[in-house]
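Throughout, numbering of the chain's residues begins at 1 and tracks the sequence. We count ligands from 1, going down the list as the structure has it; atoms in each ligand are counted the same way.
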Amino acid sequence: MSKNGLVLADVRDGELRHVTLECLAAASQVMEDGVVTVAVLGSNAKDLVEKLSHYGADRVVTVTNPKLDQYTTDAYLQAFLQVIEKTDPDVIFTGHTAVGRDVSPRIAARLQLGLVSDCTAVDRVDGKIVFTRPIYAGKAFVKKAVREGEVFATLRPNNIAALEADTSRSAVVEELDVTIADDSLRTLIKELVRKTADGVDLSEARIVVAGGRGVKSAEGFQPLYELAEVLGAAVGASRGACDAEYCDYALQIGQTGKVVTPDLYIACGISGAIQHLAGMSNSKVIVAINKDPEASIFSVADYGIVGDLFEVVPMLTAELKEV
Ligand code: FAD
């Protein structure tokens, strides 16, 4: 039976990504009475210890090497491999984020671990850990049971609830000194330039307002940004809108873009192609605004509004401002 769970924390701009707390919840659930360790990298790692303890970590391994302040594959891979060697986990979790997707197959290959990626649920059934993950672009789900041996899983953000914070918890903290030779680093980050405006992170947003080719122009996205501001939402897009240069590809949702699972997804002028649905159909509530009553997006929508988005969206924004 698995005893030790290790979560590799995902930190962005010095802040923990919420999916790290979701990984802690998953690890706590399947480890039963085992130890849940979390590894957090970067100069400010110690500032994050308290929050990690409150959300389920029994042990926090900090690696405060400044070479880990920004993600680079070489540095993180070396650091995580040294943390894994030190902590000897049975199950490793990280978020299915840009970092998790880059580093997890490399770690799994180096250590010959099984890798279950993009999981939407993790359970313990009859002593086995059962991972659920979508297949066929989200049309079906497969359950994979792991009886024994080491395994690495990446969790899709916003699918597993984080534990309630327990401020009475405090974890054992351990600083690990890792070796990262300068000549092993093939990339050097000189400057980070964000392609999208500051605001809510699309992958972790609780509400997403997304625009498609029906938005018709870059300016046509303005009403969507106004609605998003009132709702505290992130703005996303279909590939149709990105290809038409109405917005940046950083906003693309779908099979070849970001996968989102918000509580509320508002699709504006999006037809609902299968490749788009692959990135958003697991949203908890879907609202579709489209002037074509036959649009496929209505087949996955909980609420459909047949109408012109340039009339409907400003109306919604005005109503919500009143609330
Ligand atoms: P359209 O299909 O052109 O739909 C526009 C919709 O807007 C229509 O339904 C129309 O009725 C409606 N509309 C127009 N004007 C208004 C108005 N004023 N008010 C309300 N509604 C209006 N697509 C993705 O989104 N994400 C992906 O990751 C992705 N990956 C792909 C990968 C591959 C390999 C391939 C082949 C395709 C991929 N696509 C992806 C593209 C996908 O097949 C569709 O072409 C794309 O999703 C269509 O975008 P759209 O819905 O914005 O545009």
Side-chain angles (χ1 to χ4, degrees), residues 96-98 100-102 117-118 120 133-141 154 156-159 195-196 201-205 207-228 230-231 233-262 264-283 285-320:
H96 196 70
T97 57
R101 279 187 287 183
D102 189 49
S117 65
D118 200 15
T120 52
R133 62 182 303 273
I135 53 169
Y136 303 126
K139 275 192 168 284
F141 289 86
T154 65
R156 184 182 282 198
N158 279 346
N159 278 270
K195 288 185 91 181
T196 49
D201 179 352
L202 185 54
S203 319
E204 299 206 322
I207 306 178
V208 173
V209 178
R213 216 164 1 217
V215 168
K216 294 195 174 65
S217 65
E219 296 72 45
F221 262 87
Q222 194 49 38
L224 276 61
Y225 276 105
E226 285 163 19
L227 177 59
V230 176
L231 289 170
V235 172
S238 70
R239 179 155 142 189
C242 301
D243 284 345
E245 300 184 358
Y246 303 162
C247 60
D248 194 274
Y249 280 102
L251 301 192
Q252 186 187 321
I253 292 166
Q255 189 178 322
T256 45
K258 293 197 168 77
V259 175
V260 297
T261 325
L264 174 62
Y265 189 90
I266 306 178
C268 311
I270 294 178
S271 59
I274 179 73
Q275 295 91 351
H276 186 76
L277 302 187
M280 48 63 73
S281 60
N282 288 328
S283 304
V285 175
I286 298 172
V287 176
I289 304 167
N290 197 304
K291 64 182 187 184
D292 174 7
E294 303 295 325
S296 323
I297 192 78
F298 288 125
S299 66
V300 295
D302 299 282
Y303 299 95
I305 302 172
V306 178
D308 186 333
L309 71 94
F310 295 106
E311 290 170 18
V312 176
V313 172
M315 242 191 285
L316 275 176
T317 308
E319 283 294 321
L320 287 163

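Here the side chain of Asp118 pairs no donor or acceptor atom with the backbone of Thr154 at under 3.5 angstrom. Within the 3.5 Å criterion, the main-chain N or O of Ile253 finds a donor-acceptor partner in the side chain of His276. Asn158 places a side-chain N or O within donor-acceptor distance of the main-chain N or O of Ala205, the cut-off being under 3.5 Å.
Of all the heavy atoms in Ala233 and Val209, the pair that sits closest is CB-CG2, 4.0 Å.
For the residue pair Asn159 / Thr261, a side-chain donor-acceptor distance below 3.5 Å is found, with atom types taken as modelled.
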Please tabulate, one pair per line, all N/O donor-acceptor pairs under 3.5 Å involving side-chain atoms of residues 292-307, not counting sequence neighbours.
{"from": "Asp292", "atom 1": "OD1", "to": "Glu294", "atom 2": "N", "distance (Å)": "2.8"}
{"from": "Ser299", "atom 1": "OG", "to": "Ser296", "atom 2": "O", "distance (Å)": "2.6"}
{"from": "Asp302", "atom 1": "OD2", "to": "Ile286", "atom 2": "N", "distance (Å)": "2.7"}

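Protein residues are said to neighbour a ligand when one of their heavy atoms lies under 4.0 Å from it; for ligand 1 these are Gly212, Arg213, Gly214, Lys216, Ser238, Arg239, Gly240, Gln252, Ile253, Gly254, Gln255, Thr256, Gly257, Gly269, Ile270, Ser271, Ala273, Gln275, His276, Asn290, Lys291, Asp292, Gly307, Asp308, Leu309, Phe310.
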